[in-house]
Every structure is written in C-alpha cells, then in structure tokens.
Amino acid sequence: MSRGTGSGSTSEARARLLGTATRIFYAEGIHSVGVDRIIAEAQVTRATLYRHFSGKEELVLAYLDQADRGIRAQVASAQAEGAPAADRIRAVSRSITEGIRSPGFRGCAFLNAVAEYPDPAHPIHQAVLAHRQWFLDTVTELLAEAGHTPAGAAGRHLVMLRDGAMAEGCLFDPELVSETFLQAVEELLRARPASTGRK
C-alpha cells in the first residue's frame with residue numbers, strides 16, 4: 001500500500017479506519033475489540049493505522065470525538081432559529097428519539113464507553129465527562145430561556161430522563177420508550193417551581 005502522502009489517500013485510509021472502529025466499538029464494545037481486527041476489516045496495514053493513530057486509545061478518542069461532533073450538529077440543527085426555547089427543547093428531544101428508533105441502536109456511545117473506562121483520570125473517561133458537561137450546559141441554558149428557575153435542577157432532570165431513555169431504548173420497545181420520554185419532557189416543560197418567597 002502506498003504511504004499515502006497525498007491528502008486523498010491519507011484521509012481515505014484514516015476515514016476507513018475510524019469508520020470501521022466506530023461500527024465495531026459501538027456494536028460490540030471497546031475492550032473486546034483489538035486493533036488486529038480493525039486493521040483486517042478496514043483493509044489497511046498495521047503501519048497505516050499507526051501512521052494515523054498512536055494506538056488504540058487514540059482511536060477510541062477519535063471515535064468519541066466524532067460522536068461528540070455528530071451529536072452537537074444534531075442538537076444545533078434541531079434548534080430552529082427564532083423558535084421559542086420550549087420548542088427547541090422539544091426538537092432536541094425528538095432528535096434523541098430518532099436515535100433510539102434507529103436500526104442497530106445500542107444505547108449512548110458515551111455511557112457505554114465510560115462503563116469500560118471507570119477511572120476518572122483516564123483520557124477516555126475525561127472525554128465522556130466533557131461531552132456530558134456540554135450537553136448539560138446546553139439543555140440548562142434552553143430551560144433557563146423557557147423560564148425554569150433554578151434551571152440547573154431542571155437540566156439535570158432532563159439529562160437523567162435522556163439517559164434512562166437511552167438505556168431502555170436498547171432493551172425494550174423503542175417506540176414505547178420514545179413516547180414515554182417525550183411525555184416526560186412535556187411534563188418537565190409544564191412544571192414551574194413555586195416561588196420560594198411564599199407559602
């Protein structure tokens with residue numbers, strides 16, 4: 001195989017490696033998959049893999065980075081410009097259910113990864129935390145715009161609803177799980193905490 005000094009062949013090999021790793025990591029887990037299998041299924045040489053990634057850990061981080069960017073783009077596209085904050089929350093929630101209903105859905109890639117890397121200091125664990133902090137910050141800001149006070153508690157509530165739906169969605173009927181999740185989001189949006197200054 002050519003060393004791929006041209007940008008076309010280089011980017012093609014890297015994309016093939018990352019695409020193969022993404023498919024297998026998500027479907028089967030990370031620790032159970034070795035680099036030899038990824039190399040074989042991507043149809044590249046070992047030298048090609050190490051030309052693009054220093055090792056399996058960097059490949060996993062690239063997999064999570066790609067998932068992070070995909071979810072950020074999905075959330076951004078769900079938020080119609082000028083729509084009320086509550087409608088943007090509904091749109092983000094619907095985008096989550098689209099994932100749950102999709103063929104081959106196996107839960108949240110980030111929750112799956114952190115279960116395999118429980119050490120809080122590990123770079124993969126840190127990548128998961130960074131993604132989750134971004135998502136929490138995003139929905140908390142939307143809930144604040146929608147009038148929830150304190151928005152932080154409502155944001156954590158929505159993240160937990162999302163996590164539960166992700167777990168349930170790969171175990172039970174994804175249609176029922178999606179409907180239940182959307183109903184729970186509606187209840188959250190309707191809820192308004194009572195004023196702390198009055199009884």
Side-chain angles (χ1 to χ4, degrees), residues 10-39 41-42 44 46 48-79 88-89 91-93 95-100 102 104-143 151-171 181:
T10 299
S11 60
E12 180 191 359
R14 187 183 188 282
R16 195 158 66 246
L17 279 162
L18 185 53
T20 301
T22 294
R23 173 176 53 81
I24 303 174
F25 286 157
Y26 184 67
E28 301 180 24
I30 297 170
H31 287 327
S32 65
V33 179
V35 294
D36 288 342
R37 181 176 170 195
I38 293 170
I39 288 167
E41 295 202 19
V44 300
R46 181 174 292 272
T48 298
L49 183 142
Y50 287 110
R51 187 156 59 243
H52 295 289
F53 304 98
S54 62
K56 183 178 176 180
E57 181 179 303
E58 187 175 339
L59 184 56
V60 174
L61 288 169
Y63 153 61
L64 292 176
D65 178 66
Q66 179 173 263
D68 173 73
R69 287 185 283 110
I71 293 170
R72 287 176 187 250
Q74 182 183 44
V75 168
S77 66
Q79 297 190 58
R88 284 180 277 150
I89 293 167
V92 169
S93 300
S95 75
I96 291 168
T97 63
E98 288 169 8
I100 292 171
S102 64
F105 177 73
R106 292 185 59 84
C108 172
F110 293 90
L111 292 178
N112 294 346
V114 83
E116 297 195 59
Y117 293 87
D119 179 3
H122 195 284
I124 292 170
H125 193 109
Q126 289 292 314
V128 173
L129 291 180
H131 168 79
R132 289 180 63 79
Q133 187 63 53
W134 161 78
F135 185 73
L136 174 61
D137 292 344
T138 299
V139 297
T140 298
E141 289 173 8
L142 285 173
L143 286 161
R156 290 189 297 274
H157 189 173
L158 181 51
V159 170
M160 285 191 288
L161 288 172
R162 178 260 185 200
D163 289 348
M166 285 285 191
E168 294 284 292
C170 58
L171 294 171
F181 170 66

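Note that the structure is predicted; figures quoted are calculated from it, not measured.
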Undergrad: Does the side chain of Ser32 pick up a donor-acceptor pair with the side chain of Glu28 at under 3.5 Å?
TA: no
Undergrad: With side chains defined as the heavy atoms from C-beta onward, is the minimum distance between Val159 and Arg162 less than 4.5 Å?
TA: no
Undergrad: Which heavy atom in Leu17 sits nearest to a heavy atom in Leu49, and how many Å separate them?
TA: CD1-CA, 3.6 Å
Undergrad: If I take atom CZ from residue Arg14 and atom CG from residue Leu59, how far apart are they, to the nearest 0.5 angstrom?
TA: 8.5 Å
Undergrad: Do Arg132 and Leu111 have side chains that get closer than 4.5 Å, going by heavy atoms?
TA: yes
Undergrad: Got a second to check how far Arg23's CZ is from Glu41's CD, nearest 0.5 Å?
TA: 5.0 Å
Undergrad: Any idea which heavy atoms bring Ile38 and Thr20 closest together, and the distance?
TA: O-CG2, 3.9 Å
Undergrad: Crowded around Arg37 CZ? As in, over 12 foreign heavy atoms under 6.0 Å?
TA: yes
Undergrad: Rounded to the nearest 0.5 Å, what separation is found between the CD atom of Glu116 and the CD1 atom of Ile124?
TA: 9.0 Å
Undergrad: Would you compute the distance between atom CG of Asp119 and atom CD of Gln126 and round it to the nearest 0.5 angstrom?
TA: 9.0 Å
Undergrad: Measure the CG-CE distance between Leu171 and Met166 for me, rounded to the nearest 0.5 Å.
TA: 13.0 Å
Undergrad: Any side-chain heavy atom of Phe53 within less than 4.5 Å of one from Leu61?
TA: no
Undergrad: Flag the pair Arg16 / Thr48 as yes when at least one side-chain heavy-atom distance between them is below 4.5 Å, and no otherwise.
TA: no
Undergrad: Ignoring hydrogens, what is the shortest heavy-atom contact between Gly107 and Tyr26? Give both atom names and the distance.
TA: O-OH, 2.6 Å
Undergrad: Please confirm whether the backbone N or O of Gly99 pairs with a side-chain atom of Ser102, one donor and one acceptor, at under 3.5 Å?
TA: yes
Undergrad: How many angstroms lie between atom CG of Asp163 and atom CZ of Phe110, to the nearest 0.5 angstrom?
TA: 12.0 Å
Undergrad: Tell me the closest heavy-atom pair linking Ala13 and His52, and the distance in Å.
TA: CB-NE2, 3.9 Å
Undergrad: Side-chain contact, heavy-atom cut-off 4.5 Å: Leu64 with His131?
TA: no
Undergrad: Would you say that Leu142 contacts Gln79 through its side chain, given a criterion of any heavy-atom pair below 4.5 Å between the two side chains?
TA: yes
Undergrad: Hey, does Val60 have a side-chain heavy atom less than 4.5 Å from the side chain of Lys56?
TA: yes
Undergrad: Please name the pair of heavy atoms, one in Phe135 and one in Val75, separated by the smallest distance, quoted to 0.1 Å.
TA: CE1-CG2, 4.5 Å
Undergrad: Less than 3.5 Å apart, any donor N or O on the side chain of Gln133 or Asp137 sitting next to an acceptor on the other?
TA: yes
Undergrad: Return the minimal non-hydrogen interatomic distance between Phe25 and Ile30, and the atom names on each side.
TA: CD2-CA, 3.9 Å
